[in-house]
Amino acid sequence: MSAPMEIVVCADSAGQLWNCAVLELHSGTNLLAYRGGNTSSRSLTVLNGEYILGAQLGKNFINVWEIQRKDQLQQKIVCPGIVTCLTTSPNGLYLVAGIAEAIYFWEVSTGNLLAILNRHYQDLTCLRFTDDSSHFISGGKDNLALVWSLASVVQLDPSHTPEPRHVLCRHSLPITDIHCGLMGPQARIATASLDQTVKLWELSSGEILLSVLFDVGIMSVTLDPCEYYLFCGGSDGGIFQVSLCSQSLNRDQTFQSDNEGNQVFKGHRNLVTCLSVSMDGTLLLSGSHDETIRLWDIQSKQSVRVINHKGPVTNALIIPAPANMFLPDSRPGIPLPRFSRHLNPLEQGEGTETGGVCLRLAPPHTEWRSHSTVFGGGGLPSDEPGPVWPRPREETKKAH
Amino acid sequence: MTKCKKKKRQDDFQKVKLKVGKTKPKAGNATNINFRTKGINLTEQLKKDANAPTTHRKLNIKDLLSQLHHYSGTVKQGALVGLRELLTLHPSELDQHLSSLLSEAAAVFTDKDPNVRMSATRLLRFIAQSVPAERTSPFFPLLSAHLSCAMTHIETGIQEDALKVLDVLLDHYPALLAARPALLLTNFLELISHRSTGGGARKGQEGKGRSWALSVNPNRNVTGQQWRLTVLFRLGRFLQAVVEERRGEEGVACVSGDMFSVLNGQGGANAPLELNWEELTYGKGGFQVFEHSGAMPTPHSTFKLRPETEPGAGVSEGLGTGEAVRGFASTLVPLLLDVWVEASASDRSKTDSAHLLTPDAMSLMYQVLSILQLLRKLAPQREHQDTLDAWFRSEYLGDFKQHFMKNFPYGNLDTPKQRRKTDPKRSKQAPTIPGQTVEPLALNVLLCQVMVSMVTLSQGEGPAQEPDAEWLMPLRGFVQETMSSGAKLSQRHLHTLLETVWRMVTTQRSRAVTEDLLQAVYVQYQQMNLNLQTRTLLLSFYSRLYLQEHNHTHIARSRVLSRWLAALPLQLSQLGHRNPALSDRLLLSIQAAASRGNKALLNSLRTHACKLYDPQEGSVVLLPAESQQRLVQLLYFLPVMSQGLLANLSRCCTAGRVSAGLAASLIRIIHLRSSLSGWSVGSQDATLRDVDYISFLFSTLTGFSSDELATLQEAGDESVLPPSPLSPLSLYPTPLEQFTHHWDVVEEVCHCLETLGSRSQCFDVLQNGICKNLMGLAVVPDSMAAGLLRAVARLLDLSFLPSEPLLRFLSRCCLSLLSLLLTLQQDTASENNHKREAVWGACVAALSSVPRLLRLVLQSLQVRDLCEEELPQLAQILSLLLQHTALCNQMLANATLLQRIIQDLTRYCRGESKEQWMTDLLYCYSVTMATHHGNLGLRDIY
């Protein structure tokens, strides 16, 4: 069997058989299942293609599996409180968790807690990174979504309190989901809220571009990779598709029955909590509180497959398959360190083993000097702030 | 040769011999008068051009314009007056000749004759009044060239009149003037000062290398002070125009001038696309969010590739950069200080107390201060403003303290009577200075603002802020006194004062100071009859302050602020429907605080919730729809929902004073807050008990309170349909609007009930509710009956067996509704369509999902109890049921019962069996039976 390109990672709140399952996207075959505990909403994430992290529902720790060793829980990261949402940066350098109303920001290589951001007034609901790991967006129950620049958060100066780059404050009820589009700092952000609107923002300016008012509260939102369509999961089980680029080329056809592709996917019977679109933009994955995950063909709006679960679905996402996942002999490039629970490891007397090299950041006004290179390169920014560490793949192999 | 000469001479002077008797030969130069003259009438030449309008002197516009070049002043003045007359009579001329008019009129700004200049100014004012700015803009370079020519003219009279021209332009074309300020600013400086060539230390001003010094021209017919005042007044207006133009360029949000009018950062630079899902689905128009597919970044992006080295194209080169502003300020500010020092010195001689100023001095100081204030605002960007403030502080704080703060606060000098009498005469001679009378309050308030802007953010607590505290003390005292004296302040003063307070509070990080100042503002806030604008201003001040609290702990802990927040819900409920705009502002503040989980506000909200959400006179039903929505959204943040509140809310949903859509979202919000919804992140205290929630859903489902139902039972026959054997319950026909509303609400409630979890338990609860509360009713509203049937059909699980009494009650409802349906069908009005469909849908769904219900309905049909008129109705009901495909199988299951009824029917109306309804019924019956059982049934009947 050739290795699958894209996989579905999903988890439900019951967690009877397994915590988190990996399915093949097109055939729906169950590939792997990671056991132990269950995962809370919007907190399942893959770190650097080597680990799977999921926050335990209602408990104050994060379950960590090595991606190829499904049976064995590798580590439990104990946190200061119940983790409500969790994400890792796409470049695998940082781990961000929402714990009550604070954002905890760890560096993966050393396990240091770099910052605790206290700008939300109520519990956090969602955290998302941009694809170039330069910014992240946090949404909370205080109706606010904050855009944070990584460079301003990762400051070693203790007197400096990081301020968000933008405060997106036009929702009038808690934010339920955030989707961050592609293109790094030029991305567009979609926020869904209980106030029955989905709003589309521009990251670079923090301006609102679009606001769509629905009949029901929206629990989840996503964009297709081209950002032609906006998919919004409603609290009544409908998934609404909003076309962002109307192709009004065929103006003469007056008898068009469907209008410009604004359609509803009908099938779920309860809150649609997670949405994800495949890489080629043809398949839509939706998870719902009616204990099913559905796979939809976007073009025809039919439900292609229904996967039944034992409890309300908390996480369902389509990701490119990590290389290590199906190689049982592979090992992670870096061993996970112990994640510290306090801001200053030296004061707490537990920072003896940290030997990272720390680079001071450039002054704030030059922070986007290399913006064009970041954008053009598409990959990691060349002057990514923060500690630089070698990838000790060879060394660890020898050690093992 | 000689011979030749002689000959020639002879030729030239030949002698003419005159002989007697012969006529005298004519002289060579005699005139031939053999001609006759004739008059030629050129009829066309002298006639005026019929198309060109003229003045009463028969002069057209070309004549008048050419007369402006005349050497005589009187002619020129006459031409100017004539032009004005012509243009008033024929406004169309203005459009055709605007370019020549403006250029000619501008040329006489520098005329020697004062009367001509005055007329030219008047003409310009007239033109400016009737021509919009965009049409003048091509001629404006010319105008401003003439203007600066006049301003820099050597004659003082022309200079003075140039200021009047400037007045006209400032009144009508401020943006055009402000577009290129560089030249004009220099002109202003030259009007009151001159470039000194020698060292700048002439007046002992700490030797900063000043190149400008005040000048006095003794030739003027006004005093130097008055002249300066007039110039400064214009300079102030001009700077104001520049500031405003810049604000227009940048968008409103980022300028601090309107700091209290923009609440919550709602004013973005570009308006978002607001869409509605309904419109999206049914409307044809598509929309385009990404114009350039993201290839071009928007101009509002906060990312800057490199710092801007050149000023932007649209911004003037004169004040485009922070450095330029600073350079200008470094020239102007010393001059201003000198002006004030001179004026105060001369003023001091007249008064004994330094606090009291004559009106002249006061207005001069006012102008000086307002120019200082405007200079601050000139900074092109926000970040420049801070550096500019810091620069001001470092350069001039000492001077300001010495000259302005020493005698603060200032008062008005009571001028003796006789002097006041002379005033009008003087003002007749002197050019009238607008804004000459300045209240001391305005002056003091402005001084506060100017001084406070120099306070920098104190970095650390302690010694760093000590020097500021010393001179801030009197300012703070003044502000507190003014605000808390209870006197009514005008809108402008209040705005300035609030800005001052804002600055003090954000820079002075001391809790006691903050508390005192906020308390003073609160006194103003508590005044009784403020107008809307003032009230809104104060409200926005507080709410902005509240939104700022995250980085100022001293604000967050302010007791006044939390008292203000706590008072908001009460104010809202007391305001009722009297002032929707103000209520909306209140709601915005409440919402912001509630979303941040402010304890004081939430507690107060909880106490006043019942009043706010009262179904009769609560704000939620009185306010306009938008505010209603805010109120409903506010429910989400309530920490606890009491039983009483839920009862009120349920009544709000059903009473129809909020729209069905809003009622649905209210139900959804309560659903989300209940522990049964399953959507919650992290730990959360339950806001409402499950019992309360379910009873809320149930009472919303019924749509009528127990009181209303009780009154319905006792109501007379005129309002309800009487019971009959075909309609065992007497139905109360709800108005169509209410029915539709209730139907939408029922859909939402059903959805909530469906998602609660175990369906059978949920149905059990519903069954108990119906049995306990509704079973005994004799009169039932039709909307309620339909709603109940709908809910039962949607919620019933196949595994669950409904109880017998419930089914009997439902069967009665169903039968009554079916007979209602027949009466509705007779009424062909299209507006009843929805109701008909809803009722029919509810009945069919219930009958098809609960087989037992259909059997009960059929059993209750006793033909022998019916009178003659009711037989056709029964037949119609049966044929309706038979025709419905979803019910077909169920009907077949009850074939024997059905057969008995039809037999009875045929027996009872033996006489008129040929009637249409009977034939219809038999046909339906036969078709139904035929499709499944062959012709068995039909044969048995006959």
Side-chain angles (χ1 to χ4, degrees), chain A residues 40-41 58 82 84-85 100 119 121-123 125 141-143 161 165 167 169-170 172-174 183 185-186 194-196 199-200 202 204-217 219 227 235-236 240 242-246 248 259-260 262 269-271 289 312 365 368-369 371-372, chain B residues 264-266 268-278 280-290 293-294 297-307 547 550-551 591-592 595-598 629-630 633-634 636-637 661 664-665 668-669 671-672 677-679 681-684 751 754-755:
Chain A
S40 68
S41 181
I82 295 175
T84 53
C85 48
R119 265 304 298 276
Y121 292 86
Q122 308 234 13
D123 291 358
T125 52
K141 287 188 173 177
D142 53 356
N143 314 351
T161 46
R165 179 180 278 277
V167 179
C169 60
R170 290 212 184 188
S172 51
L173 277 180
M183 305 230 294
Q186 289 196 315
L194 288 179
D195 64 4
Q196 312 187 358
K199 295 188 197 293
L200 198 65
E202 194 177 52
S204 59
S205 64
E207 297 276 344
I208 181 168
L209 298 173
L210 171 76
S211 164
V212 189
L213 176 69
F214 294 89
D215 298 333
V216 293
M219 309 307 291
E227 302 184 6
S235 61
D236 64 344
F240 307 99
V242 180
S243 168
L244 299 179
C245 300
S246 63
S248 46
N259 29 47
E260 310 284 353
N262 299 314
R269 285 178 290 108
N270 207 336
L271 315 179
H289 269 201
H365 66 265
W368 283 108
R369 194 188 45 216
H371 167 217
S372 53
Chain B
N264 229 348
Q266 301 261 340
N270 52 0
L273 216 50
E274 300 277 356
L275 296 170
N276 196 330
W277 176 250
E278 294 275 321
L280 258 183
T281 355
Y282 299 114
K284 275 286 167 207
F287 62 93
Q288 199 96 24
V289 178
F290 308 133
S293 322
T298 52
H300 307 294
S301 170
T302 52
F303 296 113
K304 295 217 169 64
L305 292 185
R306 63 178 70 83
L547 293 181
H550 57 82
N551 38 21
Q591 205 174 17
S595 71
R596 292 172 174 218
N598 186 291
Q629 196 187 357
R630 283 189 206 288
Q633 287 176 344
L634 206 55
Y636 180 88
F637 298 104
S665 59
R668 270 195 296 268
I669 283 175
H671 177 71
L672 279 169
S677 76
W679 186 81
V681 184
S683 63
Q684 200 169 35
H751 179 76
E754 271 179 343
T755 54

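Sequence lines set the chain letters: A, B, ... in the order given, protein chains first and strands last, and positions in each chain run from 1.
Residues B:Gln633 and A:Leu173 come closest through the heavy atom pair O-CD2, 3.2 Å. Of all heavy-atom pairs between B:His751 and A:Ser235, the closest is NE2-O, 3.6 Å.
B:Leu634 does not touch chain A: none of its heavy atoms, backbone or side chain, sits under 4.5 Å away.
One distance of note links CD of B:Gln629 with CG of A:Asp195; it measures 8.0 Å at 0.5 Å rounding. For the atom pair CG (A:Leu271) and NE2 (B:His671), the distance works out to 6.5 Å, reported to the nearest 0.5 Å.
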### Task
Step by step, work out the side-chain contact (heavy atoms from CB on, under 4.5 Å) result for B:Leu672 and A:Leu194.
CA-CA 9 Å; B:Leu672 279 169; A:Leu194 288 179; 3.2 Å; yes
### Message
If you apply the rule side-chain contact (heavy atoms from CB on, under 4.5 Å), what do you find for B:Phe637 with A:Lys141, and how did you get there?
### Response
CA-CA 9 Å; B:Phe637 298 104; A:Lys141 287 188 173 177; 5.8 Å; no
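Counting heavy atoms from C-beta on, the side chains of B:Arg668 and A:Val216 come closer than 4.5 Å. Using a 4.5 Å cut-off on side-chain heavy atoms (C-beta onward), A:Tyr121 and B:Ser595 make no contact.
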